Amino acid sequence: MNIIKTKTEIAKYVSEKREQKYSIGFVPTMGALHLGHASLIAFGLKRHHYIVVSIFVNPTQFNNAIDLEKYPRTLEQDTSFLSKYGDKVVIYAPTPQEVYGNQVMSKQYNFKGIETVMEGTHRPGHFDGVGTVLNHLFRQVNPDEAFFGEKDYQQLLIVKKLVEIEKLPLKITGCPIHRQENGLAMSSRNARLTAQQLEEAAFIYKILQQVKKDFDSKSAQALREWVAIQFENNPHLELEYFEISNIKNLRPLSRKRTHQKYRAFIAAFAGDIRLIDNMAIN
Ligand code: PAF
């Protein structure tokens, strides 16, 4: 498996492929790869000859030092996970200095309000960190298209805005959420859940499904209250937020509009592990 560690080498790899008229897809990750990442790679390989998978735990997007410290780092396992793709997939695993230079810090972005709700409210500075690292990685890798899971739907909208703001010449594509058999959305953080917590966390998916079922017959406020009660009665999960939002600008729903599309969003804790999920509901 080809592991590239420097920006000079990744630029050389990509420009050689491009000279040979091959196109390049990109799947940025923080490692601890799982089937959700595999589905992004599969999506990418349908459209491009080669896929670069970056594995980089980005320090600037963590607003909680313990979360950063505990984030799983499994490069060896990730390498063997990707070995089945042979030379179709290459890993880019740089150091923080390689990505950022000497100043590992975020640039401040104005993402036009998308950054001020949900994850933005609960994780101050998170999207500046995501925007900054992706701005560096997109420039270093220079792919034709990059793929992101809709599990991080807010992040997907942020990345689309980033590409507009930075005028970057690549396409951003969102891919459907990949779920475990019990419905729990695949996430690198799931690696920290016990077998019991993995089962209990499927509750989040069940709640989203019920919200989707009830969306036509109940008001947004009634749904918010119902969800809050369900979590209050669940001893295993603590709700951080539930929101129903416009899929384009993420403004919270107040009055339903017929032609408008909405998604429901949940962030909840299983012990100290923070999980997020969302679902299109109309
Ligand atoms: O979704 C993630 O894993 C990260 O936020 C990303 C996009 C790789 C940026 O560090």
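Computed from a predicted structure; not experimentally measured. Atoms within each ligand, like the ligands themselves, are counted from 1 in listed order.
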Which atoms of ligand 1 sit under 4.0 Å from any heavy atom of Met30?
->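 Near Met30, meaning under 4.0 Å from one of its heavy atoms, ligand 1 has 3 (O), 4 (C), 8 (C), 10 (O).
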
What residue and heavy atom of the protein are closest to atom 1 (O) of ligand 1, and at what distance?
->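 Ranking protein heavy atoms by distance from atom 1 (O) of ligand 1, first comes Gln155 NE2, 2.9 Å.
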
How about Tyr22: does its OH atom have over 12 heavy atoms from other parts shown lying under 6.0 Å from it?
->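 It does not: Tyr22 OH has 12 such atoms or fewer within range.
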
Within a distance under 4.0 Å of any heavy atom of Thr29, pick out the atoms of ligand 1 and give their elements.
->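 Ligand 1 atoms under the 4.0 Å threshold to Thr29: 8 (C).
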
Electrostatic pair Asp67-Arg189, nearest N-O below 4.0 angstrom |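 Answer for the salt bridge query: yes.
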
Would you say the ring centroid of Tyr92 lies under 6.0 angstrom from that of Phe56?
->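 Ring-ring flag for Tyr92/Phe56: false, centres at least 6.0 Å apart.
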
Less than 6.0 Å separating the ring centroids of Tyr100 and His136?
->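 Yes, close enough.
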
Atoms of ligand 1, numbered as shown, that sit under 4.0 Å from any heavy atom of Val133 |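 Those atoms are 9 (C), 10 (O).
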
Ligand 1-proximal atoms of Val159, by part, heavy-atom distance under 4.0 Å |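 Near ligand 1, Val159 shows nothing, with every heavy atom at 4.0 Å or more.
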
Considering only protein heavy atoms, which is closest to atom 4 (C) of ligand 1, and at what distance to one decimal place?
->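 The protein heavy atom lying closest is Gln61 NE2, 3.6 Å.
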
Check against ring pair (Phe, Tyr, Trp, His ring centres under 6.0 Å), Tyr262 and Phe215 = CA-CA 10 Å; Tyr262 300 98; Phe215 183 68; 5.8 Å; yes

